[in-house]
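Heads up: the structure comes next, in structure tokens.
Since this is a predicted model, take the numbers as computed values, not measurements.
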Amino acid sequence: MRGIALALGGSADELEGDKGGEPFWVARLIGYPGKSPANPQSLLTLINQDDDITALEIKNLSGEWIPATPIPGTFVCNIGDMLKIWSNGLYEATLHRVINNSPKYRVCVAYFYEPNFDTLVEPLELFVEKSGRARLDQKAVYGEHLVNKVKNNFVMEELN
């Protein structure tokens, strides 16, 4: 987060302290035996890559799904909805999906760095000025945003 703040022209702690509240993190082990979509929702996500399974795809600006070919020993860094809002759109949330066409079972270890549950996320003035565009008409209380995303990302089926 410090590197991102510096890259945007802010101080190293621009996205910390009072703005983000007391942040928290979540780590999930996700198994992909078949096809499974994913949507951006967090502030920042770090994801391991399998050296020999290309399953992660990113939607480019032309609307095409392109593979995120694994580079051994690296992690993928996905930008989420909250960083898009804080940066006034300078950073775009990464729309991605996972399609495992490999015969191997893919295990993903995802680390989600989140603002505090009750943090109000809205464009920060420094980044509104840096972007040179109008302030995004977006803001969210992080916990409410997260709960709505989770409700809409999963389908519940009735068991008979």
Worksheet item: Going through the distances and angles, do F117 and V147 end up as a side-chain contact (heavy atoms from CB on, under 4.5 Å)?
Response: CA-CA 10 Å; F117 204 75; V147 168; 4.0 Å; yes
Fill in: Worked verdict on I47 versus V109 for side-chain contact (heavy atoms from CB on, under 4.5 Å)
CA-CA 6 Å; I47 305 165; V109 179; over 6 Å; no
Practice prompt. Go through V98 and C108 one step at a time and tell me if the side-chain contact (heavy atoms from CB on, under 4.5 Å) criterion holds.
Written response: CA-CA 10 Å; V98 175; C108 170; over 6 Å; no
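Residues passing the salt bridge (Lys or Arg N to Asp or Glu O under 4.0 Å) test with E92 are K84, sequence neighbours excluded. A search for salt bridge (Lys or Arg N to Asp or Glu O under 4.0 Å) contacts involving E64 returns nothing, not counting sequence neighbours. In this structure T54 satisfies the side-chain hydrogen bond (donor to acceptor under 3.5 Å, both in side chains) test with no other residue, sequence neighbours excluded. With sequence neighbours excluded, the residues satisfying side-chain contact (heavy atoms from CB on, under 4.5 Å) with A7 are Y91. Partners of R135 according to the salt bridge (Lys or Arg N to Asp or Glu O under 4.0 Å) rule, which considers only residues two or more places apart in sequence or in another chain, are E125. Legend: residues meeting side-chain contact (heavy atoms from CB on, under 4.5 Å) with F75, ordered by chain and number and at least two apart, are N48. Judged as a salt bridge (Lys or Arg N to Asp or Glu O under 4.0 Å), and not counting sequence neighbours, E122 has no contacts. Taking E57 as the reference, W65, R97, I99 meet the side-chain contact (heavy atoms from CB on, under 4.5 Å) condition, with sequence neighbours excluded. Residues meeting the side-chain hydrogen bond (donor to acceptor under 3.5 Å, both in side chains) test with S62, sequence neighbours left out: none. With sequence neighbours left out, R2 forms a side-chain contact (heavy atoms from CB on, under 4.5 Å) with A12, E16.
Between L124 and E14, the shortest heavy-atom contact is CD1-O, 4.2 Å. For the pair I85 and V121, the tightest heavy-atom approach, listed with the atom from each and the gap, is CG2-O, 3.7 Å. Taking every heavy atom of both residues into account, L136 and G89 meet most closely at CD1-N, 3.4 Å. Taking every heavy atom of both residues into account, S11 and A5 meet most closely at O-CB, 3.3 Å.
Listed by chain and number, the hydrophobic cluster partners of L120 are V141, where partners are ILVMFWY side chains within reach of under 4.5 Å, directly or through others.
Hydrophobic clustering (ILVMFWY, side-chain heavy atoms < 4.5 Å, transitive): W86 and L6 are in distinct clusters. At a threshold of 4.5 Å between side-chain heavy atoms, the hydrophobic network of Ile, Leu, Val, Met, Phe, Trp and Tyr places F127 and M1 in one connected group. Clustering ILVMFWY residues whenever any of their side-chain heavy atoms sit less than 4.5 angstrom apart, transitively, puts L8 in the very cluster that holds L126. Connection of I4 to Y111 is established within a shared hydrophobic cluster, with ILVMFWY side chains joined at heavy-atom distances below 4.5 Å, either directly or through further cluster members. Cluster membership check: I79 shares its hydrophobic cluster with Y113, using side-chain heavy-atom separations under 4.5 Å among Ile, Leu, Val, Met, Phe, Trp and Tyr.
Using a distance-only test at 3.5 Å, with no hydrogens or angles considered, a donor-acceptor pair links the side chain of S87 to the main chain of L83. Checking side-chain atoms of H145 against main-chain N and O of G143 turns up no donor-acceptor pair under 3.5 Å.
The OG1 atom of T45 sits 5.5 Å away from the CG atom of N78 when rounded to the nearest 0.5 Å. The CD atom of E114 sits 9.5 Å away from the CG atom of L44 when rounded to the nearest 0.5 Å.
In this structure, the side chains of L46 and V76 stay at 4.5 Å or more apart for every pair of heavy atoms. Within the 4.5 Å cutoff, the side chain of N88 has no heavy atoms near those of the K130 side chain.
Residue N60 qualifies as enclosed at atom CG: its count of foreign heavy atoms under 6.0 Å is above 12.
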Quick one: side chains of residues 66-73, donor-acceptor pairs under 3.5 Å with protein atoms, not counting sequence neighbours, listed by atom name and distance.
none

